[in-house]
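All remarks here apply to the structure that follows.
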There are 2 protein chains.
Amino acid sequence: MNILEKITQSQAVFSKSERKVAEVILADPQTAIHSSIATLAKQSNVSEPTVNRFCRRLDTKGFPDFKLHLAQSLANGTPYVNRHVEESDGPQEYTKKIFESTMASLEVARQSLDINIINRVVDLLTQAQKISFFGLGASASVAHDALNKFFRFNVPVIYFDDILMQRMSCMNSCEEDVVVLISHTGRTKSLVEIAQIARGNDATVIGITSKDSPLAKECSLVISLDVPEDTDMYMPMASRIAQLTLIDVLATGFTLRRGTKFRENLKRVKDTLRESRYDRKS
Amino acid sequence: MNILEKITQSQAVFSKSERKVAEVILADPQTAIHSSIATLAKQSNVSEPTVNRFCRRLDTKGFPDFKLHLAQSLANGTPYVNRHVEESDGPQEYTKKIFESTMASLEVARQSLDINIINRVVDLLTQAQKISFFGLGASASVAHDALNKFFRFNVPVIYFDDILMQRMSCMNSCEEDVVVLISHTGRTKSLVEIAQIARGNDATVIGITSKDSPLAKECSLVISLDVPEDTDMYMPMASRIAQLTLIDVLATGFTLRRGTKFRENLKRVKDTLRESRYDRKS
DNA sequence: CATTAAATGTAATAAAATTACAAGATTACC
DNA sequence: GGTAATCTTGTAATTTTATTACATTTAATG
């Protein structure tokens, strides 16, 4: 438990002098961790052993140990928290907040992932004869990105952001095909229909969407990503980043499964790109 | 900065004995923070002053101060460190690693951002008559995403992933237009050419790319994103996520600048989408 | 008001960290 | 290849810091 909170809550069990110590520490914990027991005793108008006893009462081994705990509490002070952008925020603030809540969301998303399902999806992808990535709106760019990744693997991979093309593509799918459908809400009508069409053709349908959604119900396998709602602005933010990171995970699993030789192939793809670039030195 | 990472990165400046100390500490930092300087010296087969010198080399005031820093680093749980995926990693490991290094990269990227430039870019975007987002390869999906965001703002916004369309579009640009070019390396030839064309037509060219790259040199304004190299796999991963988060920042800045009334408009856009979705309850 | 227990402080002691200095290793230069 | 200069490391002394043991004070209860 955070020792700062513990100090606050332990006021009752403290003696008079100990309370004085607590007061001084709570007033400026940052300074406290850099003080010696003597300094702190003087500031609290208390003897050194009293400070030591104060530390022991908090179940620490002594003063140095107490400082360690305190330091850790202070460090825990600013973990990545999902803080919302406010009307009055300047660029400094909103930039910080957006980056931090993105990181916080990634952390939440990571913990919500089911590793077994990921493993099975990787399995299915490696065995697929053809892989399709479909999404609409904000999820379209995620599908687009997935195309980019899997295209490098030299597997037949398809991406459309046009509903009709998506439908037609699914109508032509077969048992060996894998269709990956991306939707944060899982309530986009046309995507749900596409899932039905693909399944009707015996294709494996994988959903990257939220649990228990209409889309999830139509899929063979669902990777559910719990991401804190993007309530700030009226547009998807963190959910998209989590989806992309998941794509990275799948792509990585894919290459690992395929083995070393396959990765050399990847390097060749990258080298080919070099011709379209300016040299590093220039 | 996280002192654990600092130890890792400082290997070069350490002396032989100091490296021994580093090794022992990195092997089990949790134990280290509870050890005295004597214990640690013995474990490292080194004298006590050497341990002390080790601490000072890391810019701490001495051993106790060093322990404080170490404790703080450890307090952040397992801080997000850029760890590489290994051949032998199972799904559990590589998933964790990818998420964590993505978060670590975001942290690094955030710190490398120049807030003033962001502010100016937001300025330019709000004043633009037409905004274009262009990128190729992995950055194409980032541009695609930007389209998605800015499209909701009811501003003329353009996106192409076709080189020729990009060129033509730039040829028709004028002074009031803003062209945003996205490229991690900044060495993609055709993008550099596009920058030149747009500038030739007096458009404002904003680069989201790496510092001092050929592309950066052709831009009116550059948002440089320092992201640790994506060395793991031969494909862009973290750089892309950082770019997307930056897009979020710009979009947020944009809406904040436009004020409350504008945001109501955004809500209407979102509401319109509802018709294409299944109800929450169903 | 006396007795006891708890709280606090003083002074001694022990532990830990730092400093000063010297010996040894390494590097650079002739 | 040898020598001076510099850097590295260790030993021992010193200082700082924390803890313990014990004495004194304070408060509480019958």
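In this text the structure is predicted, and so the values were computed from the model without any measurement. First the proteins, then the strands, lettered A, B, ... as listed; each starts at 1.
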Distances under 3.5 Å only, N/O to N/O: pair up the protein atoms with those of nucleotides 5-8 of chain C.
from, atom 1, to, atom 2, distance (Å)
C:dT8, OP1, A:S17, N, 2.8
C:dT8, OP1, A:S17, OG, 2.5
C:dT8, OP2, A:S15, OG, 2.1
C:dT8, O5', A:S17, OG, 2.9

Would you list the protein and nucleotides 16-18 of chain C atom pairs, both N or O, that sit under 3.5 Å from each other?
from, atom 1, to, atom 2, distance (Å)
C:dA17, OP2, B:I37, N, 2.5
C:dT18, OP2, B:N52, ND2, 2.0
C:dT18, OP2, B:F63, N, 3.1
C:dT18, O5', B:N52, ND2, 3.2

Tabulate atom names and distances for all N/O pairs under 3.5 angstrom spanning the protein and nucleotides 14-16 of chain D.
none

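Each salt bridge (charged side-chain N to carboxylate O under 4.0 Å, His left out) pair with one or both residues in residues 12-23 of chain B, not counting sequence neighbours, appears once here: B:E18-B:R57.
Remark: A:Q43 CD to A:S35 OG distance equals 5.5 Å, nearest 0.5 Å. The structure places CG of B:N116 at 11.5 Å from CG of B:L113, a figure rounded to the nearest 0.5 Å. Between A:I247 atom CD1 and A:K149 atom NZ the span is 8.0 Å, to the nearest 0.5 Å. Taking CG of B:L124 as the reference point, atom CG of B:L250 lies at 11.0 Å (rounded to 0.5 Å). The CD1 atom of A:I118 sits 5.5 Å away from the CD1 atom of A:I223 when rounded to the nearest 0.5 Å.
Between the P atom of D:dT17 and the NE2 atom of A:H34 lies a distance of 14 Å, rounded to the nearest Å. Put simply, CG on A:N45 is 12 Å from P on C:dT10, counting in whole angstrom units. Between the CG atom of A:L68 and the C1' atom of D:dA18 there is a distance of 15 Å, given to the nearest Å.
Closest non-hydrogen pair, B:A143 versus B:F133, comes out as CB-O, 3.7 Å. The two residues A:D248 and B:I98 have their closest heavy-atom pair at O-CD1, 3.8 Å.
Each end of the helix from C:dC1-D:dG30 to C:dC30-D:dG1 gets its own axis from five base pairs, and the two axes differ in direction by 20°, given to 10 degrees.
Salt-bridge annotation for B:K96 and B:E93: absent, with no side-chain N of the basic residue lying under 4.0 Å from a carboxylate O of the acidic one.
Looking at heavy atoms from C-beta onward, B:R110 lies in side-chain contact with A:E100 at the 4.5 angstrom threshold. With a 4.5 Å cut-off on side-chain heavy atoms, B:L68 and A:H34 count as touching. No side-chain heavy atom of A:F153 sits less than 4.5 Å from a side-chain heavy atom of A:L125.
Residues meeting the ring pair (Phe, Tyr, Trp, His ring centres under 6.0 Å) test with A:F66, sequence neighbours left out: A:F54.
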